[in-house]
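To find a chain, count down the sequence lines: A is the first, B the second, and so on, and within it residues start at 1. Since we're looking at a predicted model, the values are computed, not measured.
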Amino acid sequence: MIDYLSSLNEPQRLAVMHGDGPLMIIAGAGSGKTRVLTYRIAYLIENGVDPFRILSLTFTNKAAGEMRHRIERVIGTEARNIWMGTFHSVFAKILRIEAKAIGYTSNFSIYDTDDSKSLIRSIVREMGLDDKVYRANNVFSRISGAKNRLIGPDDYLNNPIIQADDAAARMPEVGRIYKQYSLRCFQANAMDFDDLLFNTNVLFRDHLDILHKYQHKFQHVLVDEFQDTNVSQYLITRKLAAVHQNICIVGDDAQSIYAFRGANIENILNFQRDYGKENVKVIKLEQNYRSTKTIVQAANSIISRNRSQLEKHVFTDNEEGPLIDIIKASSDNEEGRLIATSLFEIKMQEGLKNTDFAILYRTNAQSRAFEEALRKLSIKYRIIGGTSFYQRKEIKDLLAYLRFTVNQSDEEAFKRIINLPKRGIGDTTVAKIAVLAAEKQVPIWEIVSNVTKHVAGRAGIAIEGFADLIKSFKLMLEKKDAYDVASHIAKASGILKELYEDKTVEGLARYENVQELLNAIKEFVDNPENDDKSLSSFLQSVSLLTTADEDDKDGDNDKVTLMTIHAAKGLEFRNVFIVGMEEDLFPSQMMLESRADLEEERRLFYVAITRAEKRLTMSYAETRYHYGRLKVCEPSRFLMEVDQRYLKMARMRMSDSTTQEREVPSGGSMSFVRSLAQKTAKSQSPQPAVAHIPSADFAPSDTSGLAPGMRVEHMKFGFGTVKLVDQNGTDRKAIIQFETAGEKTLLLSFAKLRIVE
DNA sequence: GCGCAAGACGTTTTT
DNA sequence: CGTCTTGCGC
């Protein structure tokens, strides 16, 4: 009956059949870890473990769904009872159940990144701070980083290292913003993504009875993609596994690509320390079943350049396979055409389907050229990630109505809809209400529902009307399901009407999108797997969708997949194109600018390569449009780092260029620098020239060009002030240097600065 | 408070 | 090149 065991190799079988106690599976790319995890859970259930008592944490909800179905095929419908999902969705569910213990109610809102940033923007304004200094992006990432390390606002303020760091970054008030931000989230009965994990930790820390309940409930805890968990997540798993000690982690340090959001490879090391090295069973899965020898070895040649890694040797018995093709294109658009043509040829020659192909890129913005080229060849494609359906304005607007109906404390939802459609309530009034609520420490609704006490005149009456509208929506919540409430709200709020009256193409599309959202809610309600059909439950599931979770709306499934490399984690395709292999793009400009080593970028490259089963193609363009300007690109250093034996390429060369120089007065703004360079280029060369000024060279990471004690101050992306100072603080001159490469457009936002004595 | 026009500013990667 | 903010007349 357990015939699935026979299809496994020795280490895989050991991992599946491991009994009690901590288990760490180091699984190389393509080594069948999903199978192992699936079968292990099936095996546990067959051996008497109650599915209700298994907690399995995956990286996407889709992965959880697929795994659930695979387990179902082995052991039957019992698989439905396994606790399975992403960290965020599983613990959001638990927080919903236990909300009261930490002062929330179970219908709390989940703030997405936009909500968080908008709240931070308001707070910065209210505190009278400069929003150019305290950029929402920056502040948010600091707060997020702190939360991921389980540092609360008070800890943050009391930590001298963090305070010194903030002071050095000239943002000493971040701690106070953080404190206010947390307070406001709490008052809004809202949690951001990080709070879902942070508050779970708080819940387990402060309420031992609740912790004990879950500790005893979960007899087995399994964590996939362990290399991408952060401290906050790790501690949750550690607490949950503390009683039974049955924790199984699966990961690959070589595929850790989420350090930027707090993932900590050291969790793998901590794991052995925390459970005792002698207690932890370690199993390595090193045989790759996915890719050709060429692909596996090329990937190995990349990752071997990284210093920090666990000892592991990934190999394969698969065929040799074709060499990796390198395609050089003259522009980003040509890159699109060449890839699309190549894809089409391979598809015809080998008789493949569109689903056999994936195009992977470093940033979402790169998809455009490939979309156009594929469309021209009538090749169907789908894009994963990017501006997703749920990020569209009209969708967020309706969702905000739904959120506010469920949770009248939700400040961000309130701000979004209070004047939508227009009812004569301006920013001033909105800010006033938000501040009033914050000062009195009461929910927004408290002010809104008694608005005439606080706001006089026309605005007050308008808000009163709004409050009555929301009250009428609220009444529906108890009796009706999510779909009935939502479709009523769409009509009664006037959102649908406003879009319907907009007869432009975009207006029509927006109207259809809203209908599409209503359809999605209908589907949610009709799905027998969802036991809770309330609006609140729908909103929760929607906010925690991962990019991979979004389904195609049309029924056609044979499509080429376009996505970022990050989104491709865990997936595999027969043929893979890795595009945009250019210095500044991959490895990314940001990584080159910060003095960080490129190890994470290299791991990302490793992940990209190992998605391919049979055939791999890489491409780069010599020029690329960026902010509407043409930029000259150089081939990525990563292309040189691959063992050249596995590549089939046109000889790579740097683009021909000559260098021009111009003096820049210190303290001048970049727009001045820009116009100066523009003038220079035009007057000095008969044809207008391209100025290639890689922004990586903006801050001379190579300090050899600098006299001792000198430094160049600048703004990223070529905006702001250029300033060159010596150790006495005296201004000195700097040179802007740019190359001409015989093209027509000037690219001036990427300036290379050099020092003049 | 609204709407339009000119101007500023920006791109990793994601739950 | 887009998108979002700001400034001004109404």
The nucleotide from B/dT15, B/dT11, B/dG1 with an atom nearest the side chain of A/Ala365 is B/dT11
From OH of A/Tyr361 across to P of B/dT11 the rounded distance in Å is 18 Å
Residue pairs passing the salt bridge (Lys or Arg N to Asp or Glu O under 4.0 Å) test with at least one member in residues 600-609 of chain A, sequence neighbours excluded, are A/Arg362-A/Glu601, A/Glu600-A/Arg603, A/Arg602-A/Glu641
(message) Strictly below 4.0 Å: does A/Arg135 bring a side-chain N or O up to OP1 or OP2 of B/dG10?
(response) yes
A/Leu196 atom CG is separated from B/dT14 atom C1', nearest whole Å, by 14 Å
Between A/Ser588 and B/dT11, is there a side-chain N or O to OP1/OP2 distance below 4.0 Å? no
Open item on the list: Using a heavy-atom cut-off of 4.0 Å across all strands, would you classify A/Ser89 as base, sugar-phosphate, or nothing?
Closed with: nothing
Of the candidates B/dT15, B/dT14, B/dT11, the side chain of A/His88 sits closest to B/dT15
_Side chain A/Thr229, main chain A/Glu225, donor-acceptor under 3.5 Å_ = no
Taken to the nearest whole Å, CG/A/Asp584 to C1'/B/dG10 is 16 Å
Taking distance alone, no hydrogens or angles, what donor-acceptor pairs closer than 3.5 Å link side-chain atoms of residues 424-433 of chain A to residues at least two apart or in another chain?
none

With a 4.0 Å cut-off on heavy atoms, is A/Tyr258 in touch with a base, just the backbone sugar-phosphate, or nothing at all?
sugar-phosphate
- Is any side-chain N or O of A/Asn364 closer than 4.0 Å to OP1 or OP2 of B/dT14? yes
When rounded to whole Å, the CZ to P distance for the pair A/Phe140 and B/dT14 reads 14 Å
message = In terms of relative ring orientation, are A/Tyr361 and A/Phe370 parallel, tilted or perpendicular, with 30° and 60° separating the classes?
response = parallel
Between CG of A/Asp332 and P of B/dT11 the distance, given in whole Å, is 19 Å
Those residues at least two apart in sequence (or on a different chain) that pass ring pair (Phe, Tyr, Trp, His ring centres under 6.0 Å) with A/Tyr104 are A/Phe186
For A/Phe573, the ring pair (Phe, Tyr, Trp, His ring centres under 6.0 Å) test, sequence neighbours excluded, returns none
Residues at least two apart in sequence or cross-chain that pass side chain to side chain contact (heavy atoms under 4.5 Å, CB included) with A/Lys117, listed by chain then number, are A/Thr113, A/Arg121, A/Ala136, A/Asn137, A/Phe140
- Query: Looking only at atom C1', what distance separates C/dC4 and B/dT13, rounded to whole Å?
  - Reply: 23 Å
note: A/Leu571, atom CG; B/dT13, atom C1'; distance rounded to Å ~ 15 Å
A/Ile383 CD1 to B/dT14 P, in whole Å, measures 13 Å
Between NE2 of A/His566 and C1' of B/dT14 the distance, given in whole Å, is 8 Å
Please work out if A/Thr113 contacts a base, only the sugar-phosphate, or nothing of the nucleic acid, heavy-atom cut-off 4.0 Å.
base
Q: Output yes when a side-chain donor or acceptor of A/Ser256 lies under 3.5 Å from a complementary backbone atom of A/Asp253, and no otherwise.
A: no
Is the shortest side-chain N/O distance from A/Thr429 to OP1 or OP2 of B/dG1 below 4.0 Å? yes
Distances under 3.5 Å only, N/O to N/O: pair up the protein atoms with those of nucleotides 2-8 of chain B.
from  : atom 1 : to       : atom 2 : distance (Å)
B/dC2 : OP1    : A/Gly424 : N      : 3.2
B/dC2 : OP2    : A/Asn419 : ND2    : 3.2

